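As structure tokens, the structure follows; a few thoughts come after it.
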Amino acid sequence: MDNSLLGIFQYVDDLLAAAEKCKKSGYGITIISPVPLVHEIEHTFGESKNPVKYFTGLGAITGYLFGTLFAITTSILYVLPRSGRPIIAIPPILLISYETTILLGVLFTLMGFIVLALAPSFKAKEYDVGLAIDSFGLLVDGVRENKFGDIEKVMREYGANEVKRIEKK
Amino acid sequence: MDRTITYKEASEDISGIITKTGWKYYAVLTLMAVSAVSFLFLPWAYQIYSGQGVTGLNAPVFWGLYLVNFIYWVGIAHAGTLISAMLYITQTPWRRAIARGAETMTFFALFLVSLFIFVHMGRPWNFYWTMPYPNQRQIWTNFTSPITFDVFAIGTYTTSSIVFLFFGMIPDLASLSHTATGWRKRLYTALSFGWRGTDRQWHLQAKACMFFGAFIMPLVVSVHSVVSWDFALSVVPGYAKTVFAPYFVTGALLSGFAGVLLMLSIMREAYPVMKKYVTAYHYDKVTIFVVVLSLIWSYLTLMEVVTGLYANTSQEIEHLKYKLAISPFSYLFALMIFSNSVLPLLYIFKKLRNSFFGRFIIPVFVLIGMWLERFLIVPNSLSRKFLPWMWHDYSPTWVEYSIPIGALFFFISMFMVFIKVFPIIAIFEVKEDIGIPMRKSH
Amino acid sequence: MAGFLERITERWKVYREPGFFKKLDHKWTMVIDLDKCNGCGACVLACYAENNLPVVGKDECAMSRAFSWLRIERYIDGEYPDVKVKFIPVMCQHCSKAPCETGCPVYATYHNQDGLNVQVYNRCVGTFTCATYCPYDVRRFNWRSYKFEQPLDHQLNPDVTVREMGVMEKCTFCIQRIRAAKDKAKDEGRTVQDGEVLPACVQSCPTGAMIFGDLLDPNSKAAKLAKSPRRYRLLEELNADPSVIYLKRVMKEGPSKHG
Amino acid sequence: MKYFIAYVSVAVITFALGYKAYGLYFSDLSPVQPIPFSHKIHAGTNKIPCMYCHIYAEKSRHAGVPNVKRCMGCHSIIKTDSPLIQKLASYWEKKEPIPWVKVYNLPDHVYFPHKRHVKAGVPCQRCHGDVANMDRITREVVPFGLPYGMVSPLKMGWCIECHNNEAQKYIGTPVKNGTDCWTCHK
């Protein structure tokens with residue numbers, strides 16, 4: 001059985017140092033924090049991938065095509081001329097597709113975020129109330145029973161206030 | 001930002017705004033809600049029952065106070081999104097404490113925008129015909145109509161604003177869900193979508209926010225220019241001006257920033273704890289924006305008049321005469337210039353920025369001035385259209401005065417309910433502002 | 001595939017063409033000879049009777065909400081004894097490039113194959129855009145639901161709807177009469193002849209100042225009159241291309257005889 | 001969440017069924033006539049053509065109901081002993097029209113000429129259903145003993161559909177200007 005170990009830190013540099021150490025030992029780590037540590041983590045571990053952009057791009061392109069085709073087809077489906085203008089008038093099409101590009105871009109980005117970031121953790125348990133307020137957690141996954149002691153020792157060494165064992169059901 | 005505030009203190013302060021409710025709050029809320037019902041909903045019901053005839057609208061002044069207020073609230077809606085989107089992209093630190101409040105203002109302003117569309121329409125129960133959707137009639141909407149542009153632009157804007165507002169709120173709601181009890185806990189847990197605050201989530205959140213910002217910033221520009229095309233695409237003197245798109249956008253931002261200032265000032269008085277987070281520093285930054293926008297606005301106002309003069313058609317001249325030289329409107333024009341071009345310039349003095357005068361009086365004047373700008377454009381241009389036989393002076397009736405006032409009360413009461421459910425200051429961003437705790441200080 | 005693309009581009013060309021209808025069936029036009037108009041107002045009255053226009057009553061009239069689709073504008077030049085009075089009947093000009101048609105989001109106003117600017121009452125949602133864009137201010141709005149009390153309802157024209165509250169309306173060139181004429185012509189297997197269609201105002205004009213006809217028919221009276229040197233159109237500089245043609249009133253210079 | 005979905009779907013289904021039921025059962029699709037005139041006997045068994053009684057259908061906008069004289073033309077001889085025919089005769093003697101209830105009602109803003117459609121060769125049954133098999137005129141279709149739908153919904157899309165496509169069957173082309181609003185609206 002693989003279990004996880006959660007160390008709770010007060011200072012971010014402590015946490016990052018411990019995280020670096022654990023990662024070098026080959027464990028999967030997750031950092032839980034009440035504030036974004038994007039820059040600090042990138043500084044330590046290098047830049048991570050950004051898969052949301054594919055959703056955004058897809059949404060924007062879909063939106064543009066949708067807007068253009070929608071405006072063209074609906075004007076042709078029921079032809080009613082107005083003001084001596086052509087049935088397929090280009091400026092409105094550009095405007096409509098501009099708006100739909102943004103609309104679908106935003107919605108797809110949101111969807112991408114939900115799929116990528118939130119959906120995997122729908123069922124995960126919260127580990128500590130403090131992690132949402134003022135302490136920082138280092139979650140080490142895939143720790144064998146007999147290695148608990150070692151990891152805990154590393155965390156304590158780097159200044160963890162508390163180390164918890166999380167047992168998976 | 002005061003760096004001595006601890007994270008715990010910030011969390012407690014901001015959730016305190018939500019949970020600590022005194023009798024004063026209920027008194028004010030009841031008053032506002034009752035006023036909203038009696039000023040907005042009852043007159044509106046009366047208007048729907050007896051028709052638009054109860055308004056002072058008349059041929060040819062078909063666009064009156066309702067449309068003025070429609071544009072006005074679209075304008076108010078602008079600052080929120082601009083502050084959160086543009087300043088997010090540029091990672092400006094002072095946006096953090098005020099962005100959520102501004103976004104909330106946007107959200108409810110857009111609510112009023114749709115309300116005014118309904119109030120304005122002759123047959124609001126057929127509103128859905130303006131939506132393009134497959135229907136049994138097989139007929140669609142007219143894509144050359146600026147009203148259809150409006151439907152798309154404002155629809156997109158509303159959707160994106162809601163997404164942006166609630167998306168930014170997810171970490172806060174997750175954090176609140178641990179301490180809250182009862183229905184709040186259930187609500188926050190449901191709305192936080194299983195947010196835990198892992199590094200991956202934070203990373204994707206930052207990236208997604210960046211994309212939202214990048215999308216919404218051009219949207220801000222497009223929405224009010226689309227609204228301005230409601231006018232600029234016509235042939236009416238006073239409406240058909242190419243300067244309208246930037247003019248409207250600038251005006252919208254000016255009124256929006258004034259609205260943000262006023263809203264923050266009132267919130268600070270109501271909840272003194274906010275003074276810790278919204279400080280003189282923020283007033284400094286926002287007021288600089290107001291000064292810049294006011295200068296741009298002044299230039300564009302000048303250009304609006306000058307282009308009319310240079311066109312030198314008899315209709316344009318007649319319109320300008322009506323706007324600038326005839327008794328009530330010339331005074332209103334002077335008041336508009338005073339409150340939009342002169343008063344905001346006082347913000348140059350640093351002392352004024354954080355004084356009572358700078359926090360309350362100037363924003364109120366700017367808000368009034370911007371309302372006047374729309375008023376002087378919308379019904380006034382229609383009063384002097386082409387054929388002199390049809391010239392008509394517009395005088396609104398009590399219904400038209402009452403509904404916008406009631407709408408303001410409605411706005412306030414919705415806002416008051418909102419601050420009791422959702423955090424009005426972004427908790428995690430304030431914490432970010434305080435600084436990340438490091439053992440080795442550098 | 002190539003055929004498909006060809007078809008698409010062909011349709012595209014058709015639909016990209018300004019005005020869309022290359023060949024209008026008719027181009028109804030009205031010529032108003034201002035020399036003959038004496039401002040009697042018979043046309044206004046006829047319009048009320050034909051098109052089920054409500055009589056709005058004193059109070060509404062005082063707010064200048066009188067419902068006439070057709071109005072006679074009076075312009076007075078000069079001071080008393082030296083006065084010149086001019087009349088000009090103004091109704092919907094049925095512009096070929098109508099500003100109002102772009103405004104409507106729901107196609108309640110559009111252009112049809114007869115060259116008419118058409119208003120579909122029951123599609124209207126009341127955004128007021130068309131009326132705002134109209135440079136001639138000829139559109140009228142149903143501010144309230146106007147009732148036709150007994151026995152006034154007996155004189156309603158069954159060919160014209162009674163409009164509901166909150167709906168925009170305007171002169172239609174008595175489209176119901178055009179439709180009836182076309183219907184009859186179709187039964188007899190011919191096209192509509194000149195003089196067959198008479199809008200109510202034209203029919204009732206005692207001096208014959210208004211002439212209605214098809215501009216595409218070169219032999220029609222209207223088409224011939226439209227070439228008159230006195231011809232002008234209202235606010236022509238706006239490039240709305242109106243269908244109503246006015247013939248200028250020729251007035252003597254100097255003081256008028258009648259004062 | 002599960003409950004939420006359940007509630008919403010129940011609400012949607014109820015609404016849809018209710019809406020359908022309202023259209024079928026509560027709006028009067030087969031009104032009771034003052035005299036239970038049977039089209040089945042007249043048009044079905046005896047094969048009287050439609051235009052014999054509805055004489056205006058090919059001449060005017062309205063198909064019209066026959067006047068009492070036309071009824072009496074036959075029924076002064078045929079089946080005079082039936083109580084219903086005596087009721088008809090009583091109208092005739094009182095010189096009163098029979099207050100027939102209109103089944104196919106179009107809204108006020110629709111212009112529908114019967115003449116154009118009859119002349120174009122559209123059979124009456126296309127819109128009015130199989131009248132020859134109806135005892136009482138109804139707009140319901142009853143396929144398996146269950147009222148299922150309407151003979152003709154009289155909605156705009158239904159008209160447009162025929163003008164654009166089905167009309168080719170009768171006149172060879174789509175209706176000229178058939179989708180112009182003022183072809184059908186007034």
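Values below: all heavy atoms of this structure, side chains included; hydrogens, waters and symmetry mates excluded. Please read all numbers here as calculations on a predicted model, not as lab measurements.
In this structure a side-chain-to-backbone donor-acceptor pair under 3.5 Å is missing from R139(C) to A59(B). Side-chain N or O atoms of N142(B) include one that pairs as donor or acceptor with a backbone N or O of E101(C) at under 3.5 Å. For the pair R123(B) (side chain) and N122(C) (backbone), a donor-acceptor distance under 3.5 Å is present. Using modelled atom types, one side-chain atom of Y75(C) and one backbone atom of W389(B) make a donor-acceptor pair closer than 3.5 Å.
Of all the heavy atoms in P99(C) and V235(B), the pair that sits closest is CG-CG2, 4.4 Å. Closest heavy-atom contact between D137(C) and M390(B): OD2-CB, 3.4 Å. The shortest heavy-atom contact between K385(B) and T132(C) is NZ-O, 3.0 Å. Scanning both residues, S145(B) and C104(C), for their nearest heavy atoms gives CB-O, 3.4 Å. Q315(B) approaches L235(C) most closely through the heavy-atom pair NE2-CD2, 4.1 Å. Summarising the geometry of R65(C) relative to L57(B), their closest heavy-atom pair is NH2-O, 2.8 Å, with the distance given to 0.1 Å.
Both the backbone and the side chain of R123(C) have a heavy atom closer than 4.5 Å to some heavy atom of chain B. Neither the backbone nor the side chain of Y110(C) has a heavy atom closer than 4.5 Å to any heavy atom of chain B. Only the side chain of E237(C) comes within less than 4.5 Å of a heavy atom of chain B; its backbone N, CA, C and O stay farther away. Contact of W140(B) with chain C is made through the backbone alone, with heavy-atom distances under 4.5 Å. Neither the backbone nor the side chain of P237(B) comes within contact range of chain C, judged by heavy atoms closer than 4.5 Å. For chain B, no part of I88(C) is nearby; none of its heavy atoms comes within less than 4.5 Å. Looking at F149(B), neither its backbone nor its side chain comes within 4.5 Å of chain C, counting heavy atoms on both sides. Only the backbone of Y49(B) has a heavy atom closer than 4.5 Å to any heavy atom of chain C.
Heavy-atom pairs under 4.5 Å with chain B peak, among V167(C), L234(C), V90(C), T127(C), at T127(C). Contact count versus chain B (heavy atoms, under 4.5 Å) is highest, among E60(C), E73(C), M168(C), for E73(C).
Counting non-hydrogen atoms of neighbouring residues, nucleotides and ligands closer than 6.0 angstrom, the OH atom of Y128(B) exceeds 12 such neighbours. Taking a 6.0 Å sphere around CZ of R16(C), one finds it holds more than 12 heavy atoms contributed by other residues, nucleotides or ligands. The environment of F87(C) atom CZ is dense: over 12 non-hydrogen atoms of other residues, nucleotides or ligands sit within 6.0 angstrom.
The shortest distance between side-chain heavy atoms of L387(B) and R71(C) falls below 4.5 Å. Looking at heavy atoms from C-beta onward, V54(B) lies in side-chain contact with R144(C) at the 4.5 angstrom threshold. Contact of the L233(B) side chain with the T102(C) side chain is not registered, since no non-hydrogen atoms from C-beta on lie closer than 4.5 Å. Looking at F128(C) and L67(B), their side chains never come closer than 4.5 Å, going by heavy atoms from C-beta outward. Inter-residue side-chain proximity for P146(B) and Y133(C) is flagged as met; some heavy-atom pair is nearer than 4.5 Å. Side-chain contact between T55(B) and W143(C) is present, with at least one heavy-atom pair separated by less than 4.5 Å. Here the side chains of T141(B) and P105(C) are not in contact, with every heavy-atom distance at 4.5 Å or above.
A distance of 6.0 Å or more separates the ring centres of F141(C) and W63(B).
In this structure, OG in S64(C) is found 15.0 Å from CH2 in W391(B), a value given to the nearest 0.5 Å.
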